[in-house]
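Below, chain A is the first sequence line, B the second, and so on; all start at residue 1.
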Amino acid sequence: MKELEKLYDPAQVEDRTYADWVEKGYFHTQVDRSKKPYSIVMPPPNVTGQLHMGHAMDETWQDILIRYKRMQGYAALWVPGTDHASIATEAKVVAKMKEEGLTKEDLGRDGFLERAWAWKEQYGGRIVSQLKKLGCSCDWERERFTMDEGCSKAVLKVFQQLYDKGLIYRGSRMVNWCPHCRTSISDAEVEYAEKEGSFWHLLYPVKETGEMLELATTRPETMLGDTAVAINPDDPRYAHLHGCHVILPLLNKELPIVCDEHADMEKGTGVVKITPAHDPNDFEVGKRHDLPMVRVLTYDGRMTGAADKAEADELRASDRASADEPEVLDCGKYAGMTAQEARKSILADLEAGGYLKETEPLTHEVGTCYRCHTVIEPMVSKQWFVKMEPLAGPAIEAVRSGRIKFVPERFDKHYYHWMENTRDWCISRQLWWGHRIPAFYCDACGKVHVSAEPLTTCPDCGAPVHQDEDTLDTWFSSALWPFSTLGWPEKTEDLDYFYPTNTLVTGYDIITFWVSRMIFSALEYTDNIPFDTVLIHGLVRDAQGRKMSKSLGNGIDPLEIIRDYGADALRLTLVLGSTPGNDMRFSDEKVKASRNFANKLWNAARFVLMNLPEGFEAGLPAELDLSDRWVLSQLNSLCRSVGDNLEKFELGLAAQKVQDFIWDVYCDWFIEIAKLRLNSGDEQHADNARKVLVWVLDKALKLLHPFMPFITEEIYRALPGSGESIMITRWPEADPALDFAADEADFAKLMDYIKAVRTVRADMNVHPAKKTSMIIATADPEPFRRGQVYLAKFAFATDVTVVDKYEGDTAGMVQVVTHAARGFIPMMELIDREKELARLNKEKALAEKEIEQFGRQLANEGFVSKAPAKVVDDIRQKLARAQDKLANVEQSLAALG
RNA sequence: GGGCGGUUAGCUCAGCUGGUAGAGCACCUGCUUGACGUGCAGGGGGUCAGGGAUUCGAGUUCCUUACCGCCCACCA
């Protein structure tokens, strides 16, 4: 028999075991019509990213589900892969180039992409190898990348389809512009942050009346781009100004005063300056009143100048599709300043001219880029959009009808809210790393052709075409992930069999980015849902409850935890005490506790193995004793409830129950009891004990395997009669033939009694080495007779006499009382009569309290008539037990005199 | 301004469809019990944030208040 070390050493086990699993091909899953499919697609981590705790939890939960389903006999497929993460990756590559003094422009598109791919090759494997460290049983033969050939094909196909259906369009719209990343981003990618700012009250003279119109703004630098001033049509204060004009200070430009609901009478002075090119609301106002748009900021956040104006004018003149492009202003003395510099300068000039009335401090929410946290600049810009309204309806319905279920349910509200209010999705990015937009512009006729197949000449006039420079939002390709990874748009067998996938596991922070987009995409392109359940988890926070972040430097590296404690300990920590949708804290203490459990299990296994003789044959013995029946019955309940919890995605509860069983039931009771038979000298009894020990351990390992794959495999393989791997064994189901309710109840009486003796002895400071004889008086002697051997060991008895009734001498006897029995233990020299009285009286009070409580409940007419019979019966039994206990205590008290 | 979550033992958190409050850690007391001191046995500690309602019965359902946190929203 294999000798196990005293301490479990994960480092010695994990890599070797993982390599073996891969080699044996256990992770690979194929279409198998004789099985039911179960599939998960992994939320693709950024290809150049590194594993963090959030991933670790996400992947652990998925692996638990996949391993569980695989053992249940499903064709369980877990598709892994990575995301090209356009902005994040491009930013990294650009930063690296900067160190070498290079810019994107220096290299050109092709040169840059060459570098980006090289970067991907260099770092792309990192996250994958980290996933392997965690023990993820993904099908690596199917690993995908959002920019691989198949995914790219799906992207182009979808783009063309949507365009042909009129669901993708190009136009000049207000978009969120990140001056740092130099690209547009979608609404979902904007994060709002509270910023200290000011509220500047400006004065614009009215041309017709000469009065000064006061208005307030948080962004004075955009005033050069004002093209109107708005008042509320119903505002009596300004009724006389309808149809009038103001003179824009500094530029001396005449602007109309327009009436618009947007001007809120309650706010400020009720007058708003309108800058359609730099404010989303103003953009809408501008459209309603057909106002010109004047752009005063460049795409890198500086004030526009003569050159910018010339360039824009040329573009407007040449490109027919750009009729809705804004004008560009030559900001003159302000040209080239950053927005901040311009603000200072313009304010100074306004003040000098008497146009600045006052400055009021103000904190307000400012949009920032979710990647770099630069304040985003609302800009009118020509971009590609997905029309959301036609797509949102079915997507909402899919959840509302229950075809797709969020776990926990409450997240469907988030989802509805976002879906119902979402605006058109800006999908073009001014980046090079990503899927290039398949739109081609004819250099001669100016026509736009969208084509999944590359075009070189215009299908209409035959002139050369040039392709759109922009790429697609990363999330556009990840939205297709559940089906693009299975071969769509081809009609593959994989798609037919594994799709729709079953469970999507992800954090609540990307429901809007990703989950919602997968849902409407799947419904639109595959005419099916992408998955039936979305299992949501929360954030992993640090021990103080703070979000782990780079800037705080409080991130905990999962790989370090794996190195120090093992992957199994990390995994268990990430499920124990977790609840779907709720954040959890990660701490060293928790990992240590998990590590300790691994060690506990390891040693239990070590004990079992060292007791197995050569030629041992596994299997249940023909004869089961009381403790066997008890442990098997408990195991049955465990199988039932763990399966139940897993089906309901209550991973934390499931793990907790398995752990409790192994530690409390198996180790602390069953192994200890089994030692009696192992050492009894009766080979038949010893063999029976071994068989049950191995049998139960085997089942427990299987139940634990999804949570702690490595250690369970290592132990499993050491068990006699085991197969080649635990991960391909059958998930344990409860066996009704092994339910022994009556024996469980009997055993519980013994346990009660043993605990009572232990408590009394601990209370009296009796050394374990001191043993005594013992008389047990009970109305139901059977269990105590059956359990005499156990009592000898655990109740420290030299010999046990079981009687119906004991009426002998009680002097010098310690009396132990449970509801089922009274024990008499001669310990003359240790007895303090007063203490005994106090102890027994305390027991008496407890019993009386219970009797009072249960009695009151049963005396309640309403309870007896309305509560379910089982509950009433339960209470009756509890009352009876309390009464028995009271009777026993009273007898003992009487005996004490 | 809406929406959501949290508030349970000193700390971290479980507690499913309502039926005498649980775990881990910490703390206290014992134990060199040949699997394990990363352990064993025992113990103390909670009016389940406050108020109200429904119910025979509420940590668990409903309303409400307070505090903490998150998400969403175009306050110029």
K.L.:
Considering only the C1' atoms, how many Å lie between B:rC71 and B:rG10, rounded to the nearest integer?
P.N.:
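About 32 Å, rounded to a whole number of Å.
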K.L.:
Have a look at A:H364 and say if it touches a base, only the backbone sugar-phosphate, or nothing, with a 4.0 Å heavy-atom cut-off.
P.N.:
sugar-phosphate
K.L.:
Using a cut-off of less than 4.0 Å, is there contact between a side-chain N or O of A:Y508 and OP1 or OP2 of B:rC4?
P.N.:
no
K.L.:
Between A:A188 and A:G652, name the one whose nearest nucleotide on RNA chain B is closer to the 5' end.
P.N.:
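Its nucleotide being nearer the 5' end, the pick is A:G652.
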K.L.:
By the 4.0 Å heavy-atom rule, please label A:E284 as base, sugar-phosphate, or nothing.
P.N.:
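A:E284: no heavy atom of the nucleic acid under 4.0 Å.
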K.L.:
Using a 4.0 Å heavy-atom cut-off across all strands, classify A:W663 as base, sugar-phosphate, or nothing.
P.N.:
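If one applies the 4.0 Å heavy-atom cut-off, A:W663 turns out to touch the sugar-phosphate alone, with no base involved.
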K.L.:
Establish, with yes or no, whether the OP1 or OP2 oxygen of B:rC36 is under 4.0 angstrom from a side-chain nitrogen or oxygen of A:K6.
P.N.:
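Answer yes for this pair, as a side-chain N or O of A:K6 is under 4.0 Å from OP1 or OP2.
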K.L.:
Reckon A:F597 touches a base, only the sugar-phosphate, or nothing at all at heavy-atom distances under 4.0 Å?
P.N.:
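Nothing, no nucleic acid heavy atom in range.
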K.L.:
Across the strands shown, which category fits A:G577 at heavy-atom distances under 4.0 angstrom: base, sugar-phosphate, nothing?
P.N.:
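Here A:G577 touches the backbone only, sparing every base.
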K.L.:
Can you tell me, in whole Å, how much space there is between the P of B:rU29 and that of B:rG15?
P.N.:
34 Å
K.L.:
May I ask you to say what A:G270 touches in the nucleic acid, namely base, sugar-phosphate or nothing, with a heavy-atom cut-off under 4.0 Å?
P.N.:
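Counting heavy atoms under 4.0 Å across all strands, the contact made by A:G270 includes a base.
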K.L.:
Thinking salt bridges, do A:K885 and A:E843 make one under a 4.0 Å N-O criterion?
P.N.:
yes
K.L.:
Within the pair A:N421 and B:rC72, is there a side-chain N or O less than 4.0 Å away from OP1 or OP2?
P.N.:
no
K.L.:
Searching all strands shown, indicate the nucleotide that pairs with B:rU17 (Watson-Crick or G-U wobble; both distances under 3.5 Å).
P.N.:
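Its partner: none found.
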K.L.:
Using atom P of each nucleotide, how far apart are B:rG50 and B:rA66 to the nearest Å?
P.N.:
16 Å
K.L.:
Give me the ring orientation class for A:F597 and A:W663: parallel if the planes are under 30° apart, tilted from 30 to 60°, perpendicular past 60°.
P.N.:
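Plane angle under 30°, so parallel.
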K.L.:
Using only modelled atom types and a 3.5 angstrom limit, is any donor from either the side chain of A:K675 or the base of B:rA35 paired with an acceptor on the other?
P.N.:
yes
K.L.:
Taking only Lys NZ, Arg NE, NH1 and NH2, and the carboxylate oxygens of Asp or Glu, determine whether A:E852 and A:R856 approach each other closer than 4.0 Å.
P.N.:
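Yes.
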K.L.:
When all nucleic acid strands are considered with a 4.0 Å heavy-atom cut-off, which category describes A:A593: base, sugar-phosphate, or nothing?
P.N.:
sugar-phosphate
K.L.:
Would A:T222 and A:K273 count as a side chain to side chain donor-acceptor pair (under 3.5 Å) if you check the C-alpha gap in whole Å, the side-chain angles of each, and the deciding distance to 0.1 Å?
P.N.:
CA-CA 10 Å; A:T222 65; A:K273 74 188 204 52; 2.9 Å; yes
K.L.:
Give a yes or no on whether a salt bridge exists between A:E650 and A:K657, defined as a side-chain N under 4.0 angstrom from a carboxylate O.
P.N.:
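Looking at A:E650 and A:K657, the cut-off is not met.
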K.L.:
Tell me whether the side-chain N/O atoms of A:R758 come closer than 4.0 Å to OP1 or OP2 in B:rG42.
P.N.:
yes
K.L.:
If you round to the nearest 0.5 Å, how far is CD of A:E284 from CG of A:D279?
P.N.:
10.0 Å
K.L.:
Between B:rG3 and B:rG46, how far apart are the two P atoms, rounded to whole Å?
P.N.:
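Per the computed distance, 38 Å lies between those P atoms.
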K.L.:
Should A:R585 be listed as having a side-chain N or O under 4.0 Å from OP1 or OP2 of B:rC13?
P.N.:
yes
K.L.:
If I pick the P atom on B:rG2 and the same atom on B:rC75, what distance separates them, to the nearest angstrom?
P.N.:
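Comparing P positions in B:rC75 and B:rG2 gives a spacing of 14 Å.
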K.L.:
When the C1' atoms of B:rC16 and B:rG22 are compared, how many Å lie between them, rounded to an integer?
P.N.:
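Going atom to atom, C1' in each nucleotide, I get 15 Å.
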K.L.:
Looking at B:rC40, which nucleotide sits across from it as a Watson-Crick or G-U wobble partner, both distances under 3.5 angstrom, or is there none?
P.N.:
B:rG30
K.L.:
What integer distance in Å separates A:L846:CG from B:rG43:P?
P.N.:
12 Å
K.L.:
Remember a base hit wins even if backbone is also touched, and classify A:R595 as base, sugar-phosphate or nothing at under 4.0 Å, heavy atoms.
P.N.:
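Base contact - A:R595 has a heavy atom under 4.0 Å of at least one base atom.
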K.L.:
Do any side-chain nitrogens or oxygens of A:H767 fall under 4.0 Å of OP1 or OP2 in B:rA41?
P.N.:
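Result: no.
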K.L.:
Classify the nucleic acid contact of A:K793 as base, sugar-phosphate or nothing, counting any heavy atom under 4.0 Å across all strands shown.
P.N.:
nothing
K.L.:
Watson-Crick or G-U wobble partner for B:rA9, using a 3.5 Å limit on both distances?
P.N.:
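Base partner found: none.
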K.L.:
Please report the distance, rounded to the nearest Å, between CD in A:E420 and C1' in B:rC72.
P.N.:
13 Å
K.L.:
Under a 3.5 Å cut-off for both distances, is B:rA53 Watson-Crick or wobble paired, and to whom?
P.N.:
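Per the H-bond distance test, B:rU61.
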K.L.:
Between B:rG34 atom P and A:L678 atom CG, what is the distance in whole Å?
P.N.:
14 Å
K.L.:
Is the terminal nitrogen or CZ of A:R761 (NZ for Lys, CZ for Arg) located under 6.0 angstrom from the six-membered ring centre of A:F796 and within 45° of that ring's axis?
P.N.:
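Yes, cation above the ring, under 6.0 Å and within 45°.
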K.L.:
Can a side chain N or O of A:T759 be found less than 4.0 Å away from OP1 or OP2 on B:rG43?
P.N.:
yes
K.L.:
In whole angstrom, give the distance that lies between atom CZ of A:R410 and atom P of B:rC70.
P.N.:
15 Å
K.L.:
Does a side-chain N or O of A:K878 approach OP1 or OP2 of B:rU20 to a distance below 4.0 Å, or not?
P.N.:
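Yes, because at least one side-chain N or O of A:K878 sits under 4.0 Å from OP1 or OP2 of B:rU20.
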K.L.:
On the six-membered ring of A:F607, is A:K675 placed so that its NZ or CZ lies under 6.0 angstrom from the centre and within 45° of the ring axis?
P.N.:
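Flagged: A:K675 positioned over aromatic ring of A:F607.
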K.L.:
Quick one: label A:P378 by what it contacts on the DNA or RNA (base, sugar-phosphate, nothing), any heavy atom closer than 4.0 Å.
P.N.:
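A:P378: no heavy atom of the nucleic acid under 4.0 Å.
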K.L.:
By the 4.0 Å heavy-atom rule, please label A:E365 as base, sugar-phosphate, or nothing.
P.N.:
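Base contact.
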K.L.:
Report which part of the nucleic acid A:D668 touches: base, sugar-phosphate, or nothing (heavy-atom distance under 4.0 Å, all strands).
P.N.:
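Result for A:D668 = sugar-phosphate.
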K.L.:
Using the C1' atom as the reference point in each nucleotide, state the distance between B:rG45 and B:rC25 in Å, no decimals.
P.N.:
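Those two atoms are separated by 14 Å.
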K.L.:
Between A:F411 and A:Y508, what is the ring plane arrangement, given parallel below 30°, perpendicular above 60°, and tilted in between?
P.N.:
parallel
K.L.:
Can you check the distance between B:rC67 and B:rG42, where both ends of the measurement are the C1' atom (answer in whole Å)?
P.N.:
39 Å
K.L.:
Mind checking if A:Q659 touches a base, just sugar-phosphate, or nothing, with heavy atoms under 4.0 Å?
P.N.:
nothing
K.L.:
Give A:T579 one of three labels, base, sugar-phosphate or nothing, depending on what nucleic acid heavy atoms sit under 4.0 Å from its own.
P.N.:
sugar-phosphate
K.L.:
Taking any strand in view, what nucleotide pairs with B:rG69 in a Watson-Crick or G-U wobble way, both distances under 3.5 Å?
P.N.:
B:rC4
K.L.:
Does A:E672 get its side chain close enough to the base of B:rA41, under 3.5 Å, for a donor-acceptor pair?
P.N.:
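No, no donor-acceptor pair under 3.5 Å.
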